[in-house]
Amino acid sequence: MAFTILDAILALMVLVLGVAVVALAQRSARLAEVNKGELEAARREAQQILEAARRQAEAVLEQARAQLEAARQEAQHLRSSALAEAQNLRQSAQTELERLRQQGEERLRQQLREERERLQASLEADRASLKAERERLQNEMQATRAEREELKREAERLARRGEQLDARAARLDEQEEKLDALEKSLQNREAELAQREKQIELRLQEVAGMTQEEARNLLLSKLEAELEEEKALRVKANLERVRLEVKREAQKLLALAAQRQASETAAALAVSVVPIPSDAMKGRIIGREGRNIRTFEALTGVDLIIDDTPEAVLLSSFNPVRREIARMALEQLVADGRIHPSRIEEVVEKAKNEMKTFIYERGEEAALEAGVVGLKPGLVQLLGRLHFRSSYGQNVLKHSIQVAHLTGIMAAELGLDAALARRAGLLHDLGKSVDREIEGTHVEIGITLASRFGEPKEVVDAIAHHHDPENGETLYAVLVAAADAISAARPGARRESLEEYIQRLEQLERIALSFPGVEHAFAVQAGREVRVIVKPERISDAKAVLLAREIAGRIERDMNYPGQVQVTVVRESRAVEFAK
């Protein structure tokens, strides 16, 4: 504003001076002609006027400068105060902004914390519900598995009972034949002895001059001693002969026993029941002129039995793998509803592929559980087939896993290779996976398979001698045999309770102790052997053979047991004297 006033004053002064100059010039021009004197006077007057105007302008300019300086100082003061106020306002605004920012951040953090806690609570609730649902499903699965295992145990118990009946029938037949032969031999011997007795009696009467009663007593005493020794020798010879003939007679006896007692065992081990929605489905399964059932049986190798059983058909086969494939295929056909030869062929092929995958998975699980690595896929597949194999009520795959664990523990304690021991224990019954399809014992088949897949010699030796460890070349065979006996003979392994197991051992000892001359009796090897300690002054070596046979016969008549029981009679004479 000060600068505007100054400019106006200067412009006014310039304007006044211009007007004055113009007026003087005009006046001078008018008066130039009149009088130069007047011109001079006018010039002087103009100069005076101009000088007065200059002084007035300088005064005005000085005043304007003073006002300008005052205005400048005032403006400087206003600027300083404005800057200070602006600085204060800026600082207060920054302080307020920082406070508001902190408040906003704190409020945002609080909201985030509350939202996180809410989400965590919701997540925990979801987890709890999922955990409860998972536990419920696991409980249901365990209950279903327990029911399945119970049914399986019942079937295996029936199978074991049938095997015991078969073995008992075979033993009874064998004993009957032996008794008939022994009876004939004794009759012949008695006839010979009677003839010889008459001759000796006549000779004694002639030579010795004894009475008949005296001769009879003397003869009977001698014959009794001779017959005792001869009877023992004959029994021993007959036992050796029976051992030599048992291999030749075993197949015939087993075949006869199987024909007489096969119904219960076959029903328990060779038949599967497949439910169907209605009896009308049976006609569709049979097909026109029986073409569906013929195709099914030809592709699966399993007999499909359709009888009067309501809403069910039967699958019969001694091969559990084939029977399981047939069951899977038939269930899928029944569920699909389309049953014709081409569809049957497609479903059976699909079931075979699924069974291969299932068997391989079981083998992998067994190897993982036993801690055995590096098995070739072919071995894993054969190992998985043991899932469908049982022996005396034991699942062979579970039995092999248990033997692997036991062998590894014993090997580690002895400082041997625990991994190699577990491998030998897991594969010791490998031959049982295909013993129904290949001729030979499971030991021979296992040796062939292990050698074909390049297993170490220790593993092959353990497979070859896990039933006769005395002939094994390595310690692993002995460990596998011990683990196999532990797994098979432990209480409950073969569907026998602990109480029955203890009662069986006690009964073995009671039977042995009931014979005269027996001092001690001990049931060992989980009831597979009973060792009898006799008094040497009462039982001779010859009578020990007869005593062992009599105890074995009593055990066969009075007890039920799996496998066989070895009776070992120990007669020991000691002479003790002290040097003083």
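Just so you know, these numbers come straight off a predicted model, no measurement behind them.
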>> Do Ile511 and Met559 make a side-chain contact, defined as non-hydrogen atoms from C-beta onward lying under 4.5 Å apart?
In response: yes
>> Filter on side-chain hydrogen bond (donor to acceptor under 3.5 Å, both in side chains), then keep only pairs touching residues 343-355, sequence neighbours left out; what's left?
In response: Asp336-Arg343, Arg343-Glu346
> Is a donor on one side and an acceptor on the other found under 3.5 Å between the side chain of Ser122 and the backbone of Arg118?
Replying inline: no
>> Show, in sequence, the C-alpha distance, side-chain angles and deciding distance for Phe358 and His387, and conclude whether the side chain to side chain contact (heavy atoms under 4.5 Å, CB included) test is met.
In response: CA-CA 10 Å; Phe358 178 81; His387 177 76; 4.0 Å; yes
> Do you know which two heavy atoms are closest between Gly408 and Ala418, and how far apart they sit?
Replying inline: O-CB, 3.8 Å
>> Working note: Val434 + Leu449, criterion side chain to side chain contact (heavy atoms under 4.5 Å, CB included); need CA distance, chi angles, decisive distance, verdict.
In response: CA-CA 10 Å; Val434 291; Leu449 292 175; 3.9 Å; yes
>> Could you measure the distance from the CG atom of Leu314 to the CG atom of Leu304? Nearest 0.5 Å is fine.
In response: 8.5 Å
> Who are the side chain to side chain donor-acceptor pair (under 3.5 Å) partners of Glu458, not counting sequence neighbours?
Replying inline: none
> Who pairs with Glu289 by salt bridge (Lys or Arg N to Asp or Glu O under 4.0 Å), at least two apart in sequence or on another chain?
Replying inline: none
> Among all residues two or more places apart in sequence or in another chain, which pass the ring pair (Phe, Tyr, Trp, His ring centres under 6.0 Å) test with His340?
Replying inline: none
>> Under the rule for side chain to side chain contact (heavy atoms under 4.5 Å, CB included), what residues qualify as partners of Arg145, not counting sequence neighbours?
In response: Met141, Gln142, Glu149
> Can you list the residues that meet the ring pair (Phe, Tyr, Trp, His ring centres under 6.0 Å) rule with His442, with sequence neighbours excluded?
Replying inline: His466, His467
> Is there side-chain contact between Thr300 and Leu315, with at least one heavy-atom pair below 4.5 Å?
Replying inline: no
> What are the two closest heavy atoms between Ser433 and Leu386, and how far apart are they?
Replying inline: N-CD2, 3.5 Å
>> If you count every heavy atom of other residues, nucleotides or ligands that lies below 6.0 Å from Arg136 atom CZ, does the total exceed 12?
In response: yes
> Who passes side chain to side chain donor-acceptor pair (under 3.5 Å) against Glu331, sequence neighbours left out?
Replying inline: Arg327
>> According to side chain to side chain donor-acceptor pair (under 3.5 Å), who are the partners of Thr295, at least two apart in sequence or on a separate chain?
In response: none
>> Is there a side-chain contact between Leu426 and Leu375 in this structure, where contact means two heavy atoms from C-beta onward sitting under 4.5 Å apart?
In response: yes
>> Between Gln381 and Gly363 (side chain of the first, backbone of the second, donor and acceptor by atom type, cut-off under 3.5 Å), is there such a pair?
In response: no
>> Run the salt bridge (Lys or Arg N to Asp or Glu O under 4.0 Å) test against Glu124 and tell me which residues pass, sequence neighbours left out.
In response: Arg127
>> Determine whether Ile463 and Glu455 satisfy the following criterion, side chain to side chain contact (heavy atoms under 4.5 Å, CB included), listing intermediate values before the conclusion.
In response: CA-CA 11 Å; Ile463 295 174; Glu455 287 298 309; over 6 Å; no
>> Please find the pair of heavy atoms, one from Val524 and one from Arg531, that lie closest to each other, and give the distance.
In response: CG2-NE, 3.9 Å
> Counting N and O atoms only, with roles assigned by atom type, does the side chain of Asn395 sit under 3.5 Å from a partner on the main chain of Lys398, one being a donor and the other an acceptor?
Replying inline: yes
> Between Arg148 and Lys152, does a side chain to side chain contact (heavy atoms under 4.5 Å, CB included) hold up when you go through it step by step?
Replying inline: CA-CA 6 Å; Arg148 187 179 302 163; Lys152 188 175 181 181; 5.7 Å; no
> Salt bridge check: are Glu156 and Arg160 linked by an N-O gap of less than 4.0 Å?
Replying inline: no
> Got a second to check how far Leu505's CG is from Glu509's CD, nearest 0.5 Å?
Replying inline: 7.0 Å
>> Would you compute the distance between atom CD of Glu150 and atom CZ of Arg153 and round it to the nearest 0.5 angstrom?
In response: 4.5 Å
>> If I take atom CD from residue Glu297 and atom CG from residue Asn292, how far apart are they, to the nearest 0.5 angstrom?
In response: 11.5 Å
> Hey, does Tyr476 have a side-chain heavy atom less than 4.5 Å from the side chain of Asp461?
Replying inline: no
> Measuring from Leu182:CG to Lys184:NZ, what's the distance to the nearest 0.5 Å?
Replying inline: 12.0 Å
> Would you find a donor on one side and an acceptor on the other, under 3.5 Å apart, between the side chain of Glu364 and the backbone of Val380?
Replying inline: no
> Between the main-chain N or O of Val403 and the side-chain N or O of Asp484, is there a donor-acceptor pair closer than 3.5 Å?
Replying inline: no
> Considering all heavy atoms of both residues, which atom of Ala548 and which atom of Val567 are nearest to each other, and what is their separation?
Replying inline: O-CG1, 3.9 Å
> Excluding sequence neighbours, so at least two apart, what forms side chain to side chain donor-acceptor pair (under 3.5 Å) with Asp417?
Replying inline: none
> Of the non-hydrogen atoms in His428 and Val480, which two are nearest, and what is the gap between them?
Replying inline: CB-CG1, 3.6 Å
> For the atom pair CZ (Arg116) and CG (Leu119), what is the distance rounded to the nearest 0.5 Å?
Replying inline: 9.0 Å
>> Less than 4.5 Å apart, side chain to side chain, heavy atoms only: is that true for Ile285 and Leu330?
In response: yes
> Going by an N to O cut-off under 4.0 Å, is there a salt bridge joining Arg554 and Glu550?
Replying inline: no
> With no hydrogens and no angle check, is any side-chain donor or acceptor of Arg423 less than 3.5 Å from a backbone partner on Val373?
Replying inline: yes
> Can you list the residues that meet the salt bridge (Lys or Arg N to Asp or Glu O under 4.0 Å) rule with Glu439, with sequence neighbours excluded?
Replying inline: none
> Do Ile555 and Val530 have side chains that get closer than 4.5 Å, going by heavy atoms?
Replying inline: yes
>> Could you report the tightest heavy-atom contact between Ile276 and Ala312, atom names first, then the distance?
In response: CG1-N, 3.6 Å
> So does Arg291 have more than 12 non-hydrogen atoms from other groups sitting under 6.0 Å from CZ?
Replying inline: yes
> With sequence neighbours left out, what residues match Glu365 under salt bridge (Lys or Arg N to Asp or Glu O under 4.0 Å)?
Replying inline: Arg362
> Going by heavy atoms in the side chains, are Ile306 and Met281 under 4.5 Å from each other?
Replying inline: no
> Does the His405 side chain pair with the main chain of Gly371, one donor and one acceptor, at a distance under 3.5 Å?
Replying inline: no
> Are Leu475 and Leu414 side-chain neighbours, meaning at least one heavy-atom pair lies under 4.5 Å?
Replying inline: no
